[in-house]
*Asks:* 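Attaching a single structure in structure tokens format; questions to follow.
These numbers come from a predicted model, not from an experiment. As the structure lists them, so they are numbered: ligands from 1, and atoms in each ligand from 1.
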Amino acid sequence: MDEEYGDAYPVEVQWWRPRRVTAADLRPRLVLLPGDGIGPEIVGATRRLLQAVGEFEFTEHAVGGASIDEHGTALTEDVLEACRGADAVLLGAVGGPKWDTTDPDAPRPEQGLLGLRKGMGLYANVRPVRPSPALVEASPLRPEVIAGTDLLVVRELTGGIYFGASGRDGDRAHDDCEYTVAEIERIARVGFEAARRRGGDPARVTSVDKANVLETSRLWRETLGRVAGDYEDVELDHMLVDNAAMQLVARPARFDVIVTENMFGDILSDESAMLTGSLGMLPSASLGVNGAPGLFEPVHGSAPDIAGQGIANPLATFLSAAMMLRHGLDMDTEATAIEAAVDSALERGLRTPDLASAEEEAVGNEEMTSAVIDSLE
Ligand code: IPM
Ligand code: MG
């Protein structure tokens, strides 16, 4: 376990503070990791947008399949070091059929992403889900069901089954799920702090687990209950993951902050993303200890089927860049400007193919990007 970024965070870590970019270093140093599939297109578009709102120093590196092709591994030590030394990291997406394999010894693109999360100590993944008013029609749910939905998925990102011991032995395979109280407590605090700051009425944390079956879930539930004692202004309820999956489509507006472990969070955040009408709209931030650089990425994947055609939706990456400016660089004004410009482009009717209904004419990445840049105030 790495010393600087290991799992030995003090449990009193409660929230990240934006990393300050000091006066002596006015231009934030950003590492761009375009990755695979549509990654290079949407990160390229986001670079244009960022250049329109401020001055940044960019460096670009290969990760995922692109890095496997170049270096034989999904994440090199040099790239990890560059990310750790940056003010913030923006990632496109990794993976694609070219690198799909069931050979346990072959490198896989996803190892690049998991290596970054572990190596940068990014234990908190936050995914805000707030359907844009202009896109209510694009949601697969009826407008009256989706009305009022505004939730935040807080996913534990460096523990659980993703990082437990795993292996194959003849005709058997195993992936172990393990959690410590310290790991659960720090993500619980992120959830409660977020609920407090969001100021919902009532402010509520829904802790999602499978405590009727899993021991790690019982430890999770016990720990959440104890931490809740420090947040009397925030309601806590517990929900089993199967029920949560159902409630998310039945009554999404009942949720405020969902706090859950790594794999449940992976699944529920894709489900939540679809509430907004397209997975192509959802941004995310992965954050570690206060002041350490965060990693910002769209929730959708590399969409290899549409890569290179110029039709990818760049909006989730734009919104991830806005999260980067706000949570990673203390540039709230610029973050708000990007979010407003995205809303304005949607209100003016611009739709990439993933958002367009049968009657609507779709635009490509390029046109959407120009429209958002033109909408910046
Ligand atoms: C996500 C993705 C990743 C995950 C994959 C690409 C490893 O699905 O960020 O949600 O499972 O965490
Ligand atoms: Mg996922």
*Asks:* Any N/O of Glu297 closer than 3.5 Å to an N/O of ligand 1?
*Replies:*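 Min N/O separation from ligand 1 is not below 3.5 Å for Glu297.
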*Asks:* I'd like to check Leu80 versus Met120 (side-chain heavy atoms, cut-off strictly below 4.5 Å). Are they in contact?
*Replies:*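 Yes, side chains in contact.
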*Asks:* Could you list which atoms of ligand 1 come closer than 4.0 Å to a heavy atom of Arg155?
*Replies:* 1 (C), 4 (C), 9 (O), 10 (O), 11 (O), 12 (O)
*Asks:* Give me the nearest non-hydrogen protein atom to atom 4 (C) of ligand 1 as residue plus atom name, then the distance to 0.1 Å.
*Replies:* Tyr162 OH, 3.5 Å
*Asks:* What I'd like to find out is whether the side chain of Leu248 reaches to under 4.5 Å of the side chain of Ile258, using heavy atoms alone.
*Replies:* yes
*Asks:* Is a donor from one side chain sitting under 3.5 angstrom from an acceptor on the other, for Ser375 and Arg348?
*Replies:*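 A donor-acceptor contact under 3.5 Å links the two side chains.
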*Asks:* Determine whether any heavy atom of Arg108 lies closer than 4.0 Å to an atom of ligand 1.
*Replies:*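 The answer is no, since Arg108 has no heavy atom less than 4.0 Å from ligand 1.
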*Asks:* Quick check on contacts: which atoms of ligand 1 are under 4.0 angstrom from a heavy atom of Glu110?
*Replies:* 6 (C), 7 (C)
*Asks:* Can you find an N/O atom of Asp270 closer than 3.5 Å to an N/O atom of ligand 1?
*Replies:*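 No: no nitrogen or oxygen of Asp270 is under 3.5 Å from one in ligand 1.
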*Asks:* Students should be able to answer this: which protein heavy-atom is nearest to atom 8 (O) of ligand 1, and at what distance?
*Replies:*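 The closest one turns out to be Asp266 OD1, 3.2 Å.
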*Asks:* Do Asp78 and Thr76 get their side chains close enough for a donor-acceptor pair, meaning under 3.5 Å?
*Replies:* no
*Asks:* The Mg ion (ligand 2) is nearest to which N, O or S atom of Asp266?
*Replies:*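 Nearest N/O/S atom of Asp266: OD1.
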*Asks:* For atom CD of Glu360, decide whether the heavy atoms of other residues, nucleotides or ligands shown that lie under 6.0 angstrom number more than 12.
*Replies:* yes
*Asks:* Under the side chain to side chain donor-acceptor pair (under 3.5 Å) rule, what do Arg48 and Thr369 come out as? Steps first, then yes or no, please.
*Replies:* CA-CA 8 Å; Arg48 271 179 66 198; Thr369 304; 4.7 Å; no
*Asks:* Please step through side chain to side chain contact (heavy atoms under 4.5 Å, CB included) for the pair Glu261 and Thr216, ending with a clear verdict.
*Replies:* CA-CA 10 Å; Glu261 63 93 60; Thr216 41; 6.0 Å; no
*Asks:* Geometry only, no angles: is Arg117 polar-contacting ligand 1 at N/O separations under 3.5 Å?
*Replies:*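 Yes, at least one N or O pair falls under 3.5 Å.
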*Asks:* Measuring to the Mg ion (ligand 2), does Asp270 have an N/O/S atom at a distance below 2.8 Å?
*Replies:* no
*Asks:* Tyr231 vs Phe192 aromatic rings, parallel, tilted or perpendicular, using cut-offs 30° and 60°?
*Replies:*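 The rings of Tyr231 and Phe192 lie parallel, inter-plane angle below 30°.
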*Asks:* Should you measure from each heavy atom of Arg127, which atoms of ligand 1 turn up under 4.0 Å away?
*Replies:*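 Answer for ligand 1: 1 (C), 9 (O), 10 (O).
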